[in-house]
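Take a look at the structure set out below.
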2 protein chains.
Amino acid sequence: MDRLKETIERIEPLNGEVMEAARARQDTLTKPLRSLGVLEDISVRVAGITGNYMPELKHKVILTMASDHGIVAEGVSAYPQEVTLQMVYNFINGGAGINVLARHIGARVVVVDMGVAADFAITNKTENFIDNKIAYGTANMTQGAAMSYDAAKQSIEAGIEVLENVLENGVDIVGVGDMGIGNTTSSSAITAFITGEAVETVTGRGTGLDDAGLTRKIEQIQKALDINTPDRGDAIDILAKIGGFEIGGIAGAILAAAAHRIPVVIDGFIAGAAALIAYELSPRIKEYSIASHLSVEAGHRAILDYMGLVPLLNLNMRLGEGTGAALGMGIVDASCKILREMATFEEAGVAEKE
Amino acid sequence: MDRLKETIERIEPLNGEVMEAARARQDTLTKPLRSLGVLEDISVRVAGITGNYMPELKHKVILTMASDHGIVAEGVSAYPQEVTLQMVYNFINGGAGINVLARHIGARVVVVDMGVAADFAITNKTENFIDNKIAYGTANMTQGAAMSYDAAKQSIEAGIEVLENVLENGVDIVGVGDMGIGNTTSSSAITAFITGEAVETVTGRGTGLDDAGLTRKIEQIQKALDINTPDRGDAIDILAKIGGFEIGGIAGAILAAAAHRIPVVIDGFIAGAAALIAYELSPRIKEYSIASHLSVEAGHRAILDYMGLVPLLNLNMRLGEGTGAALGMGIVDASCKILREMATFEEAGVAEKE
């Protein structure tokens, strides 16, 4: 059977009874009613996701999916393409921002090559690296589709498989992030196309474009949209025409997380664009998705507004890799510890409201 | 010599050279320039505070200062006064929100009785409890001063002593929080008086007042301000007339943290009002103070704006105890780990911006 279809069909609504039980418990804990605000809401949602009214998030994984983009030929990035490859080595060696922040919250980083434009001098034996290379980067989307329809579907299904493999070791929460020189360009194209916002409103400086670079980037995105005319009703076609392999992979991981009732923490702009693809395939992923932070990158707000997600953090970040997801996961973990570990009024012998 | 005066005189500006070194290092790490936003800024400030361009925040302490308030006789709180005492037991037994969040970030909680209106059935031998009781709660500030001028100064100096005692065990960062039924009333009075905002703008529902309760609270605060006429130029007089012992204690701890070059993470509204007192005594504390979160409590924004502090988090919280400070401390810790642990472009062999 069709793996993508099967995954989408498996996504059910949250467990309302368990959410009520979690909210009821929050209301008995030794604090003024609702005084922990978002922490309480998040813990209740995680209860509804997992089906456990006192969820425990012991095992944490960040999936960092990497790929290259043919659009870099048009000079849309401040960094050369080889940086994607070099940064994957940095992830594997533990020296990148995501490694530091994942260690900080006690999460494992799993790096996935979805389509980096070079070979790695490592084997699949490296525990934290998965080789799912679909191609050596996408094609230049100003000249035609970034990838074939089949490759788009394949990238989503590869993401599903990654998530399911990782789950075999027992994972309680997952975060998704990206690496890919040129991928804010693809993400802005997806964001403009799906949300209906103007390209210039949802296009930012990525890793650090100057004014001329930003103007060029906006022009190229418009050109890609004009030449490709994606099918608004088919998210796989959108991904094929103007997407990227890591974006497809992240979309697949989000869908699979929802199908397996695992909370999934979405990083910033690129992971957000992937969430848009997943959302178009199954709007229910919204209930399973936790928006970690609001990125500085221009289009991120439009993505979150479109799906009705509210970010936990706003720290002027725009690194990607899953760094925002890691910080957000720390907050989600804290919220579940509150629900599990705090004493009730009765247990602590504290008087209630008069 | 006068301990308060001595502490204030010891507070120096941040170390600009070390901040430059920290910023220079941030700019060599494998990420687009400034792409970690607030995390980078905070780490640079901690470098300037500690004098170490790669600061390590190993030992963390949250000081939760508790006291009672005579103003509760006027029906300004949704909870009975005995809750202050009961919650201190809850802190000592590890069941409160602050205990959960402090464990989450690896911090120790030290509870300080600054003036709870009852005796504790524990001795000073409990490692995480300090008895600094100045009186059995403040007097009712609608009838006259909340405490004498001497008691106000004593409470600040007790806070200095608490911080200095805690430092003896080697502490790298400290958070300050509060517990005290009635203390949002005192904090709103202080906020209105110091910032010049109208009482009704900076007065909220505290632990959960209804509309009638909120109106009564505003009236009582106005009455306390009218009857006491604090001396605008003397923060100790402000504290004496409309403050609380835990507010004095927290103010003292903030001043001492600045004097000893320790970053101090400020919790929400009550700790913020204490920071206002400290700020009036020495505006330099601002440089050493990190605003952890924006509280739901109405007056908090006015406090932060007055001092020019920007909160790290905005999670609709209003619990106090240091809960916001604990979450904020986790972010500060992450920021310093980024500065210390990330690989540079050179170390990782990653190409720089074109």
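Letters A, B, ... are given to chains in the order of the sequence lines, protein chains preceding strands, and every chain is numbered from 1. In this text the structure is predicted, and so the values were computed from the model without any measurement.
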* Among the options A:S35, A:P80, A:G95, pick out the one with the most heavy-atom pairs lying under 4.5 Å from chain B. => A:S35
* Asked: Any donor and acceptor pair, going by atom type alone, linking the side chain of A:H104 with main-chain N or O of B:G330 inside 3.5 Å?
  -> yes
* A:V296 portion near chain B, given a 4.5 angstrom heavy-atom threshold -> neither
* **Which of A:T207, A:L85, A:D41 touches chain B most, by non-hydrogen pairs under 4.5 Å** => A:T207
* Structure fact -> Applying a strict 4.5 Å limit to non-hydrogen atoms, the region of A:F91 in contact with chain B is neither
* Asked: Hey, which of B:N316, B:I331, B:V100 has the most heavy atom pairs under 4.5 Å with chain A?
  -> B:V100
* So which of B:Q86, B:E347, B:K337, B:M317 has the biggest tally of heavy-atom pairs under 4.5 Å with chain A? -> B:Q86
* To do: Using non-hydrogen atoms and a 4.5 Å limit, figure out which bit of A:L327 sits close to chain B: side chain, backbone, both or neither.
  => side chain
* Asked: Would you say the side-chain atoms of A:K353 pair up with the backbone N or O of B:G208, donor to acceptor, closer than 3.5 Å?
  -> yes
* Asked: If you take all heavy atoms of A:L319 and B:P32, which pair is closest and at what distance?
  -> CD1-CD, 3.5 Å
* Top contributor to chain A interface from B:V83, B:N93, B:L29, B:V310 [non-hydrogen pairs under 4.5 Å] -> B:V83
* For residues B:E321 and A:K31, determine if any side-chain heavy atom of one lies less than 4.5 Å from a side-chain heavy atom of the other. => no
* Asked: Got a second to check how far A:T323's OG1 is from B:I338's CD1, nearest 0.5 Å?
  -> 7.5 Å
* Side chain / backbone / both / neither for A:S77 at chain B, heavy atoms under 4.5 Å -> backbone
* chain B interface, residue from A:G97, A:G324, A:A326, A:G94 that has the most non-hydrogen pairs under 4.5 Å -> A:G97
* **Largest heavy-atom contact set with chain A, pairs under 4.5 Å, which of B:T30, B:I105, B:N99** => B:T30
* Asked: Salt bridge check: are A:R103 and B:E341 linked by an N-O gap of less than 4.0 Å?
  -> yes
* Structure fact -> Bottom line for A:L313: the part with an atom under 4.5 Å from chain B's heavy atoms is side chain
* Asked: Of the listed residues (B:A348, B:G37, B:A78), which shares the most heavy-atom pairs with chain A below a 4.5 Å separation?
  -> B:A78
* Structure fact -> Applying a strict 4.5 Å limit to non-hydrogen atoms, the region of A:Y79 in contact with chain B is both
